[in-house]
Amino acid sequence: MSAALGVAALAMLGVVSPANAVKATNYVALGDSYSSGVGAGSYGNSGGCKRSANSYPQLWANRHAGTTFTFVACSGARTGDALNQANSITSAATLVTISIGGNDAGFTDVITKCTLGSDQDCINRVNTAKAYATGTLPGLLDGVYSKIKSKAPNARLIVLGYPRFYTVPGSCSVGLSDTKRSAINSGADTIASVTSGRASAAGATFVDVRGSFTGHNICSGGSSYLNSLTWPVDESYHPTALGQSNGYYPPLASVTG
């Protein structure tokens with residue numbers, strides 16, 4: 001058997017890790033509520049940061065024995081907060097994950113305006129958010145990614161995006177109009193495009209979760225990976241425990257092993 005065939009056979013048996021696998025012994029999870037796990041429950045003593053035991057960073061750490069795990073993602077975090085979170089990174093870090101940017105672009109205000117306002121009010125607010133995402137957010141993301149890289153030059157940086165919220169047209173007969181739902185989705189697509197571009201420019205890996213949430217968005221008619229309007233209100237439009245385990249974790253695992 002050739003050496004190449006031998007390696008391939010061992011890889012199939014799980015003895016050799018995939019070429020792109022991260023053999024992380026030091027993992028730092030930064031970011032906002034989508035990384036902290038708001039909406040997924042089991043927050044322990046993390047207070048307002050709402051770091052969930054069901055979040056994708058905690059799931060990753062649980063499933064990779066021997067990993068040293070630093071979890072500083074926090075609900076409501078913006079890029080400025082992520083710069084502070086990055087101070088938790090040491091040069092020993094081998095893997096850093098982050099989702100950030102949605103709050104900078106006004107996620108909460110968009111949802112509020114689209115819930116309480118007219119179709120045109122919603123479209124206008126989404127357009128404002130999209131203009132911010134394309135005009136101002138790139139520089140803020142560059143600053144965050146640059147600091148992470150400076151703190152841990154040898155770590156692999158993985159940037160995770162956000163899901164589309166709605167299936168349009170969908171199964172919902174009440175709530176927001178399809179016009180509003182489509183506008184909100186378009187905002188998510190714009191942020192995904194901007195974030196992907198800046199992550200690539202920084203030498204990071206962008207993980208697009210929109211595909212893994214497809215068919216499980218709000219109004220999909222199937223099992224939703226997202227909370228709709230719920231109580232507490234801050235958990236609205238955030239991934240459920242299933243959204244973290246089935247929507248976020250598999251795409252992350254696909255690029256890390």
Side-chain angles (χ1 to χ4, degrees), residues 24 26-64 67-90 92-112 115 129 137 140-141 143-145 147-148 151-152 155 157-163 165 188 191 195 207 209 213 218 224-249 252:
N26 194 316
Y27 170 29
V28 184
L30 315 178
D32 55 24
S33 53
Y34 285 75
S35 291
S36 71
V38 171
S42 299
Y43 305 117
N45 61 357
S46 60
C49 284
K50 289 195 168 183
R51 297 185 188 107
S52 173
N54 301 312
S55 64
Y56 75 79
Q58 188 65 63
L59 295 177
W60 200 97
N62 292 348
R63 298 176 189 182
H64 291 76
T67 295
T68 299
F69 182 42
T70 303
F71 194 9
V72 293
C74 189
S75 176
R78 299 165 64 110
T79 50
D81 301 302
L83 290 172
N84 291 329
Q85 292 174 4
N87 291 325
S88 300
I89 302 171
T90 71
T94 53
L95 172 65
V96 179
T97 63
I98 187 170
S99 64
I100 203 73
N103 291 319
D104 293 79
F107 165 75
T108 300
D109 192 52
V110 166
I111 296 300
T112 300
T115 300
L137 187 58
L140 298 175
L141 295 176
V144 172
Y145 303 153
K147 182 168 183 178
I148 293 170
K151 296 288 288 186
L157 172 57
I158 298 181
V159 178
L160 295 98
Y162 304 100
F165 296 113
I191 291 180
T195 306
V207 172
V209 301
F213 276 83
I218 301 169
S224 179
Y225 290 173
L226 289 158
N227 292 298
S228 186
L229 190 61
T230 188
W231 185 262
V233 173
D234 66 335
E235 299 194 2
S236 301
Y237 302 102
H238 282 80
T240 61
L242 270 179
Q244 290 286 336
S245 65
N246 294 357
Y248 266 96
Y249 182 80
L252 174 60

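From a predicted model like this one, the values you see are computed outputs, not experimental measurements.
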Visitor: Within the structure provided, determine whether V159 and S99 are in side-chain contact (heavy-atom separation under 4.5 Å).
Guide: no
Visitor: F213 vs Y225 aromatic rings, parallel, tilted or perpendicular, using cut-offs 30° and 60°?
Guide: perpendicular
Visitor: I'd like to check the side-chain hydrogen bond (donor to acceptor under 3.5 Å, both in side chains) partners of S75; sequence neighbours left out, ordered by chain and number.
Guide: none
Visitor: Hey, does V28 have a side-chain heavy atom less than 4.5 Å from the side chain of F69?
Guide: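 No. Closest side-chain heavy atoms not under 4.5 Å.
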Visitor: Are any of the side-chain nitrogens in K50 or D234 under 4.0 Å away from the carboxylate oxygens of its partner?
Guide: yes
Visitor: Could you check whether S42 and S52, counting side-chain N and O atoms only, form a donor-acceptor pair closer than 3.5 Å?
Guide: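 Absent: no donor and acceptor within the cut-off.
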Visitor: For the CG atom of L252 and the CG atom of L95, what is their distance to the nearest 0.5 Å?
Guide: 7.0 Å
Visitor: Is there a side-chain contact between N26 and T67 in this structure, where contact means two heavy atoms from C-beta onward sitting under 4.5 Å apart?
Guide: no
Visitor: Mark yes or no for whether D104, through its side chain, and R78, through its backbone, hold a donor-acceptor pair below 3.5 Å.
Guide: no
Visitor: Under 6.0 Å between the ring centres of Y162 and Y237?
Guide: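 No, they do not, as the ring centres are separated by 6.0 Å or more.
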Visitor: Do the non-hydrogen side-chain atoms of Q58 and F71 ever get within less than 4.5 Å of each other?
Guide: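 In contact.
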Visitor: State, yes or no, whether a side-chain contact exists between L59 and S245 at a heavy-atom distance under 4.5 Å.
Guide: yes
Visitor: Supply the atom-to-atom distance D32 CG to N103 CG, rounded to the nearest 0.5 angstrom.
Guide: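 So the CG of D32 and the CG of N103 are separated by 5.5 Å.
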Visitor: Rounded to the nearest 0.5 Å, what's the gap from CD1 on I100 to CG on L141? Could you check?
Guide: 8.5 Å
Visitor: Y27 vs W60 aromatic rings, parallel, tilted or perpendicular, using cut-offs 30° and 60°?
Guide: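 Rings of Y27 and W60: perpendicular, over 60°.
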Visitor: Report yes if some heavy atom in the side chain of T115 is under 4.5 Å from a heavy atom in the side chain of T112; otherwise report no.
Guide: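 T115 vs T112: side chains apart.
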Visitor: Side chains of T240 and N227: any donor to acceptor distance under 3.5 Å?
Guide: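 There is no such pair between these side chains.
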Visitor: Looking at CG of L160 and OH of Y56, how far apart are the two atoms once the value is rounded to the nearest 0.5 Å?
Guide: 4.0 Å
Visitor: Between OH of Y248 and OG1 of T97, what distance do you get to the nearest 0.5 Å?
Guide: 11.0 Å
Visitor: Hydrogens and angles aside, do D81 and Q85 bring a side-chain donor and acceptor to less than 3.5 Å of each other?
Guide: no
Visitor: Between K147 and I89, is the side-chain contact (heavy atoms from CB on, under 4.5 Å) condition met? List the steps.
Guide: CA-CA 10 Å; K147 182 168 183 178; I89 302 171; over 6 Å; no
Visitor: Any side-chain heavy atom of V96 sitting closer than 4.5 Å to one from I158?
Guide: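 In short, these two side chains do not touch, never coming nearer than 4.5 Å.
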Visitor: Supply the atom-to-atom distance C74 SG to N84 CG, rounded to the nearest 0.5 angstrom.
Guide: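 Rounded to the nearest 0.5 Å, the SG-CG separation comes out at 11.0 Å.
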Visitor: Below 4.5 Å, heavy atoms only, C-beta onward: do Y34 and H238 meet side chain to side chain?
Guide: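 Yes, close enough: below the 4.5 Å cut-off.
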